Each structure stands twice: as C-alpha cells, then as structure tokens.
Colleague: 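This is the structure I have questions about; it appears just below.
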Amino acid sequence: MLKIAYSDIFRYSVPEKHRFPMQKYTMIPERLVAEGTISTDNFFAPDRLSEDEILSTHTADYWQQLKTQTLPRKEARAIGFEMTPALVERGRYIAHATYECALYAQQYGVAMNVAGGTHHAFADHGEGFCVFNDVCIASNLLLNRGQAQRILIIDLDVHQGNGNASIMADESRVFVFSMHGGKNYPFRKQKSDLDIELDNETGDKEYLQILTGTLPRLINEFGPDMIFYQSAVDVLATDKLGKLALTLDGCKARDEYVLRQAKSANIPVAIVMGGGYSEDIEDVVEAHCNTFRLAQQIYFGEMAG
Ligand SMILES: [Zn+2]
C-alpha cells in the first residue's frame with residue numbers, strides 16, 4: 001500500500017504572514033482522505049533521528065549548536081524559521097520519515113513524506129527553511145547499513161539543492177541531479193553531479209522536453225537501486241518565488257513522467273515534498289495532492305488503501 005509519513009509535528013507554528021505555507025502539511029492529508037484517494041490507514045507516524053543518525057551527515061559542531069540552542073543569530077536567521085527546540089525536534093522527525101519512506105519504497109515500490117526535501121541544509125549549517133538535510137541523511141543511512149548501493153536524487157524543486165550538492169560532492173554512490181531556475185536562490189550555486197539551469201518563464205513544453213531528454217539516460221547510465229524524488233511545486237507559474245511558468249497540468253505531467261520512469265525501471269522511489277509558494281494556497285495543495293494521486297494510481301490502481 002501507499003505508505004505516507006505524517007506527523008502533527010510537521011506543522012510548525014509560524015507568524016501569520018510568514019511566506020512558508022505551513023498549513024499545507026495538514027491540508028494535503030485532509031484533502032486526500034476526504035476525496036477518498038487514500039484512507040488514514042495509509043499514514044504512518046515516523047520515528048525521530050538519533051544523534052548518531054544526525055552525525056552520519058551533519059558536523060558535531062552544528063549539531064551541538066542546534067541541541068544547545070546556541071546557533072549564532074545570523075545562522076539561525078538564514079534558516080528562516082524561529083529557532084527553538086521544537087524546530088530542531090521537527091527536523092529530526094522529518095528526516096527520519098524520509099529514511100523510513102525509502103525502506104517502505106523498497107517494499108512497495110513507492111512511499112511519500114508529507115514533508116521533507118530540506119535540500120538547502122549543509123553538513124555544517126542550515127538555510128532556506130532547512131535545518132537537517134533529510135535526503136542526504138536518508139541516503140547515508142541506507143549506504144552505511146547496506147540497504148542501498150547507488151542512489152539517484154532527482155531534485156525538481158525550482159531552487160538548486162545546494163545542500164545535497166555540497167554534502168554528496170565526494171560520494172560517488174550518490175548521483176545528485178538538480179533541475180532548477182538559473183536566476184533564482186541560491187545565487188551562489190554548488191556543483192551537483194548534473195545541474196540543469198532553466199531560464200525564467202520556462203513553460204510546460206520546454207520543461208518536459210528537457211526532463212524527458214535527460215532522465216532515461218541518467219537512470220540507464222548510473223543504474224540506481226534507490227531514487228529520491230523531490231517533487232516541489234514551486235515550478236508553478238503562480239509561485240511567488242519560482243519565476244518559471246508551469247501549469248498545474250504541466251506539474252502533474254512532470255510527476256507522472258518521473259514515477260513511470262522509476263516504476264518501469266523497477267527502482268524504488270521515495271518522494272519528498274520540497275517547496276511551493278503560490279499566492280493562493282489552493283494551487284500549492286492541489287499540485288502536491290496530484291503527486292499523491294498519481295502515486296496511488298500508478299502503483300496501486302484506483303482503490304484506496
Ligand atoms: Zn524551492
């Protein structure tokens with residue numbers, strides 16, 4: 001069945017006008033259940049990272065600063081959420097959820113985290129709404145425990161996964177593919193294994209052409225036994241931060257393409273959400289829900305559960 005990591009802790013309390021649409025973490029699961037795409041049986045409550053698991057990827061100094069709430073003010077501000085013990089706790093659950101999704105994906109073909117995709121977190125610092133790097137931690141745990149040998153990260157968030165690129169720079173068993181806006185945050189980009197920079201206003205047709213011209217070759221040549229897919233919806237034309245021009249249908253076609261590629265190659269895929277900042281939260285929630293609907297349809301047919 002479609003296993004979905006969900007916890008109330010994902011929804012962090014932010015000021016009313018904060019640009020991060022925190023409500024999406026409850027709106028997405030509620031909508032999917034209400035419409036019958038899934039039932040509450042699909043959800044699992046994730047565990048949290050142990051300190052050793054954090055240290056698989058992050059530096060001891062950074063972890064100590066988080067643990068003791070002594071992160072320098074400037075570094076805390078770069079994260080973009082109020083730094084509290086609850087924020088750190090939340091990050092531990094989100095990242096462990098991504099690891100658990102990978103294990104469930106190995107069992108069922110696909111699994112999804114309602115949160116995650118914190119690809120701007122580096123080994124020694126966080127930024128851009130990211131405290132811990134969930135996909136890198138999950139990847140390192142899989143590799144360290146012999147649960148995967150070659151991992152492909154498909155990061156289609158509109159922002160470059162600079163943390164992924166930096167953390168995995170010297171790890172040949174992890175291939176980081178990031179397709180993102182060239183003229184967008186982070187303005188000083190890191191080097192992924194493959195970066196594709198898109199022009200502002202790139203629309204559905206061009207976007208899908210580039211993706212379909214790239215992904216099959218990557219999967220073929222690298223030969224992953226695990227895929228992490230960051231299915232962010234900040235590629236939408238309605239996005240306040242994105243600068244691209246995808247429609248809801250285009251975004252859905254993107255997700256469908258990635259999932260069908262993974263499924264036909266018989267490679268487990270763990271999906272993490274990443275960003276989405278459309279003016280109307282409806283666009284964000286609907287686009288994310290499409291990813292869940294597709295996963296349910298493609299892997300498990302039309303039936304709930
Ligand atoms: Zn983003």
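Order of appearance sets the numbers: ligands from 1, and atoms from 1 within every ligand. All values reported here derive from a predicted model rather than from experimental measurement.
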Colleague: Salt bridge or not between Lys67 and Glu51? Use side-chain N to carboxylate O under 4.0 Å.
Modeller: yes

Colleague: Taking the Zn ion (ligand 1) as the reference point, name the nearest N/O/S atom of His159.
Modeller: ND1

Colleague: With a 4.5 Å heavy-atom cut-off, do Met168 and Asn140 have their side chains touching?
Modeller: yes

Colleague: Just give me the atom name: the N, O or S atom of Asp234 closest to the Zn ion (ligand 1).
Modeller: OD2

Colleague: Among the N/O/S atoms of Asp157, which is closest to the Zn ion (ligand 1)? Give the atom name.
Modeller: OD1

Colleague: Would you call Arg293-Glu286 a salt bridge at under 4.0 Å N-O?
Modeller: yes

Colleague: So, are Arg48 and Glu53 salt-bridged, with charged N and O less than 4.0 Å apart?
Modeller: no

